[in-house]
Amino acid sequence: MPGADGWTNPLRSASDRRLPRIAGPSGLVIFGVTGDLSRKKLMPAVYDLANRGLLPPGFSLIGFARRDREDEDFAQLVHDAVREHARTEFREETWQQLAEGMRFVRGDFGDDEAFKKLRETVDELDASRGTGGNVAFYLSVPPKFFPKVVRQLKKHGLADAPEGSWRRAVIEKPFGRDLRSARELNALVHDVFAPDQVFRIDHYLGKETVQNILALRFANQMYEPVWNRSYVDHVQITMAEDIGIGGRAGYYDGIGAARDVIQNHLLQLLALTAMEEPLAFDAESLLTEKLKVLKSVRLPEELGEHTVFGQYGAGWQGGEKAVGYLQEDGIDPASKTDTYAAVKLEVDNRRWAGVPFYLRTGKRLGRRVTEIAVVFQRAPHSPFDSTATAELGTNVLVIRVQPDEGMTTRFGSKVPGTSMEIRDVTMDFAYGESFTEESPEAYERLILDVLLGDANLFPRTEEVEESWRILDPVEEYWETRGGPAQYTSGGWGPTEADEMLARDGRRWRRP
Ligand code: BG6
């Protein structure tokens with residue numbers, strides 16, 4: 001719309017405000033291209049980005065994997081992964097264009113010849129497809145291989161960007177297994193890559209609903225005034241999964257639920273929920289505020305009373321019999337690995353003093369749901385008699401991260417009738433009803449951000465280390481215990497977790 005002076009700023013017109021963000025000339029190298037994550041998420045995300053026209057025409061993709069595969073096998077594998085898991089429709093034209101820029105390098109991570117070949121391939125693609133020498137290396141490999149791959153990239157000169165181009169490393173989680181190992185890994189990574197070259201993936205930050213936490217809080221006026229200890233009783237952050245560990249025994253056993261998702265996804269959700277307003281929506285300002293919150297997180301003194309580790313036993317899930325964790329393929333029958341973890345945390349600052357944040361996650365729970373519930377205090381006074389409010393709970397604002405993305409507010413309302421009776425009702429916002437736009441898959445968003453060099457949605461070294469600082473004492477405590485509490489598959493976790501909240505006079509929500 002023209003301004004008062006009749007001039008229309010082209011950058012602010014309605015159609016331009018949402019200019020697509022398109023990656024410039026570039027290539028992506030995926031280490032561990034035949035793995036689960038790559039097949040289910042990375043390859044389909046690359047295809048979807050290409051299909052949406054968000055990758056440059058000469059975009060190139062190099063898969064690096066074990067030597068016992070032929071090029072045709074690789075191509076078939078990528079093709080199958082795309083057909084099975086991509087979200088956009090399959091178009092032969094997009095596939096052909098992607099396939100032309102696809103190369104495979106076979107070898108082990110310690111194999112110098114393979115890394116020489118990788119370097120030649122990167123140069124060849126620059127010459128033939130015009131990638132401009134811009135390459136992102138995605139380490140979709142078990143954490144124990146991170147150091148080896150990073151060292152090889154350095155040794156073979158792949159981490160050094162030729163004049164006028166960029167090189168970036170994308171590192172999957174978990175980043176270390178405690179503070180000490182995370183520091184060692186950070187030192188190694190930063191010996192090879194500058195901080196702005198490193199992108200640590202936490203795919204929860206790529207989810208629309210997670211990015212919306214800051215929009216909800218800081219683009220509106222009505223939430224911030226009550227977003228503090230004067231109004232909030234406590235916060236519950238739940239990430240429940242109905243699946244077991246599937247074929248991931250090798251990765252999961254010995255890592256467990258707390259390291260797998262509390263150290264990263266759930267602490268990031270806590271940070272976004274509790275942080276102060278950032279100066280701007282940029283990587284530096286976000287880091288500053290998230291880090292302040294993480295630094296002020298304290299564990300309660302009695303860890304035995306305020307944390308619970310659990311492990312699923314047999315049960316019923318979705319009408320089918322489910323085996324217990326110890327009977328899963330590839331699991332040590334004496335394993336003490338946690339598949340459930342619940343932790344009470346305090347955020348020791350003026351806004352949140354005395355407000356507990358309860359975090360819980362588990363596999364093989366009643367259903368798949370991730371949510372942040374901000375539970376408010378009771379109204380300080382009620383003019384209604386106690387029978388009128390007998391069924392009234394407390395106000396709750398629930399950010400529904402997934403599935404059924406949206407938000408619910410619970411509040412009391414008069415029950416229609418001739419007497420005064422007040423009962424809880426809910427008001428919903430659902431993405432599907434309010435928006436026609438489709439949410440990009442988290443990995444799509446994050447891969448595009450890497451190619452654009454946009455670090456807003458990536459945790460930085462300090463955040464990762466601070467999160468381990470929080471979790472380490474809990475892990476150490478549970479290592480000294482007899483083993484995790486048992487819970488039945490298909491239920492809502494160990495009774496110890498219910499007792500943990502009951503001690504504080506509270507209850508977990510049944511989402
Ligand atoms: C991963 C964990 O980070 O997140 C998995 O390693 C978990 O164990 C997965 O299943 C869940 O992701 P999402 O996006 O389905 O909630």
Side-chain angles (χ1 to χ4, degrees), residues 174 176-183 228-239 255-276 290-311 336-362 372-375 377 462-487 493-509:
R177 57 173 289 116
D178 52 21
L179 179 57
R180 192 184 51 79
S181 56
R183 280 191 176 141
N228 56 53
R229 68 187 303 273
S230 305
Y231 298 91
V232 175
D233 177 73
H234 71 282
V235 177
Q236 294 188 16
I237 303 182
T238 299
M239 175 186 168
I255 291 214
R259 287 192 177 98
D260 185 36
V261 302
I262 292 190
Q263 187 272 341
N264 35 78
H265 306 329
L266 297 199
L267 283 173
Q268 285 289 325
L269 293 184
L270 177 148
L272 293 169
T273 306
M275 68 190 251
E276 297 301 317
K290 279 198 281 172
L291 195 56
K292 263 162 53 187
V293 175
L294 292 171
K295 278 182 188 285
S296 54
V297 169
R298 303 272 171 272
L299 283 167
E301 272 180 22
E302 292 296 329
L303 289 180
E305 306 221 326
H306 301 294
T307 66
V308 172
F309 271 23
Q311 191 182 74
K336 290 184 182 175
T337 298
D338 50 306
T339 61
Y340 177 101
V343 186
K344 173 182 177 178
L345 298 173
E346 267 149 33
V347 179
D348 203 7
N349 62 21
R350 178 172 280 250
R351 186 194 277 258
W352 295 114
V355 178
F357 282 68
Y358 299 103
L359 275 48
R360 66 173 161 165
T361 183
I372 301 165
V374 180
V375 182
Q377 298 164 9
E462 299 92 321
E463 288 169 70
V464 172
E465 291 187 2
E466 206 50 47
S467 301
W468 284 120
R469 194 266 311 154
I470 297 166
L471 194 63
D472 272 3
V474 182
E475 291 285 354
E476 280 160 22
Y477 172 82
W478 281 98
E479 256 157 45
T480 65
R481 311 303 296 169
Q486 294 297 301
Y487 62 98
T495 48
E496 284 81 346
D498 295 329
E499 288 160 15
M500 170 182 141
L501 253 70
R503 272 192 284 277
D504 288 354
R506 301 189 175 98
R507 276 203 319 226
W508 290 110
R509 287 169 42 78

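With hydrogens and angles ignored, the 3.5 Å screen pairs a side-chain donor or acceptor of Asp338 with a backbone N or O of Ala258. In this structure a side-chain-to-backbone donor-acceptor pair under 3.5 Å is present from Gln377 to Arg229. Asp472 places no side-chain N or O within 3.5 Å of a backbone atom of Asp178 that could act as its donor or acceptor partner. Checking side-chain atoms of Gln263 against main-chain N and O of Leu471 turns up no donor-acceptor pair under 3.5 Å.
Between Leu266 and Arg360, the shortest heavy-atom distance links the atoms CD1-O, 3.5 Å. Shown here for Pro494 and Tyr487, the closest heavy-atom pair between the two residues is N-CB, 3.4 Å. Across all their heavy atoms, Ala497 and Trp508 have their closest contact at O-NE1, 2.9 Å. Met500 and Glu305 make their closest contact through CG-O, 3.6 Å (heavy atoms, listed as atom of the first residue, atom of the second, distance). Across every non-hydrogen atom of Pro473 and Leu303, the tightest pair is O-CD1, 3.6 Å. Between Arg509 and Ala373 the shortest heavy-atom distance is CD-CB, 3.3 Å.
For the pair Ser467 and Leu294, the minimum side-chain heavy-atom distance is below 4.5 Å. For the pair Ile262/Ile470, no side-chain contact is recorded, criterion being any heavy-atom separation below 4.5 Å from C-beta on. Contact check for Arg469 versus Glu466: side-chain heavy atoms found under the 4.5 Å cut-off. The closest side-chain heavy-atom distance from Glu465 to Arg183 is below 4.5 Å. Between His265 and Thr361, the closest side-chain pair of non-hydrogen atoms is not below 4.5 Å. Side chains of Gln311 and Thr339 form a contact here, defined as non-hydrogen atoms less than 4.5 Å apart. In this structure, the side chains of Leu299 and Leu345 come closer than 4.5 Å at one or more pairs of heavy atoms. Contact annotation: the side chain of Trp468 approaches that of Arg259 to within less than 4.5 Å [non-hydrogen atoms, C-beta and beyond].
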Self-check item: side chain to side chain contact (heavy atoms under 4.5 Å, CB included) assessment of Lys292 paired with Asn349
Solution: CA-CA 10 Å; Lys292 263 162 53 187; Asn349 62 21; over 6 Å; no

Please report, to 0.1 Å, the donor-acceptor pairs under 3.5 Å made by any side chain of residues 350-358, with sequence neighbours excluded.
unit_1: Arg351; atom_1: NE; unit_2: Glu276; atom_2: OE2; d: 2.8
unit_1: Arg351; atom_1: NH1; unit_2: Glu224; atom_2: OE1; d: 3.0
unit_1: Arg351; atom_1: NH1; unit_2: Trp227; atom_2: O; d: 2.7
unit_1: Arg351; atom_1: NH2; unit_2: Glu224; atom_2: OE1; d: 3.0
unit_1: Arg351; atom_1: NH2; unit_2: Glu276; atom_2: OE1; d: 3.0
unit_1: Trp352; atom_1: NE1; unit_2: Ala274; atom_2: O; d: 3.0
unit_1: Tyr358; atom_1: OH; unit_2: Asp504; atom_2: OD2; d: 2.5
unit_1: Tyr358; atom_1: OH; unit_2: Arg506; atom_2: NH1; d: 2.9

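Dense packing is recorded around CD of Glu479, with more than 12 heavy atoms of other residues, nucleotides or ligands lying under 6.0 Å away. In this structure, Tyr477 places its OH atom where more than 12 heavy-atom neighbours from other residues, nucleotides or ligands lie under 6.0 Å away. Counting heavy-atom neighbours within 6.0 Å of Arg503 CZ, excluding the residue itself, gives a total above 12.
The CG atom of Leu272 sits 11.0 Å away from the CG atom of Leu267 when rounded to the nearest 0.5 Å. Rounding to the nearest 0.5 angstrom, the gap separating the CG atom in Leu269 from the CD1 atom in Ile237 is 5.5 Å. In this structure, Glu463 CD and Asn264 CG are separated by 11.5 Å, a value rounded to the nearest 0.5 Å. Atoms CZ and NZ, on Arg481 and Lys336 in that order, are 10.5 Å from each other to the nearest 0.5 Å.
Side-chain atoms of Gln268 and Lys290 form a donor-acceptor pair, as typed in the model, at a separation below 3.5 Å. Asp498 and Thr495 are not linked by any side-chain donor-acceptor pair at a separation below 3.5 angstrom, with hydrogens and angles left out of the test. Of the N and O atoms on the side chains of Thr307 and Trp478, at least one donor lies less than 3.5 Å from an acceptor on the other residue.
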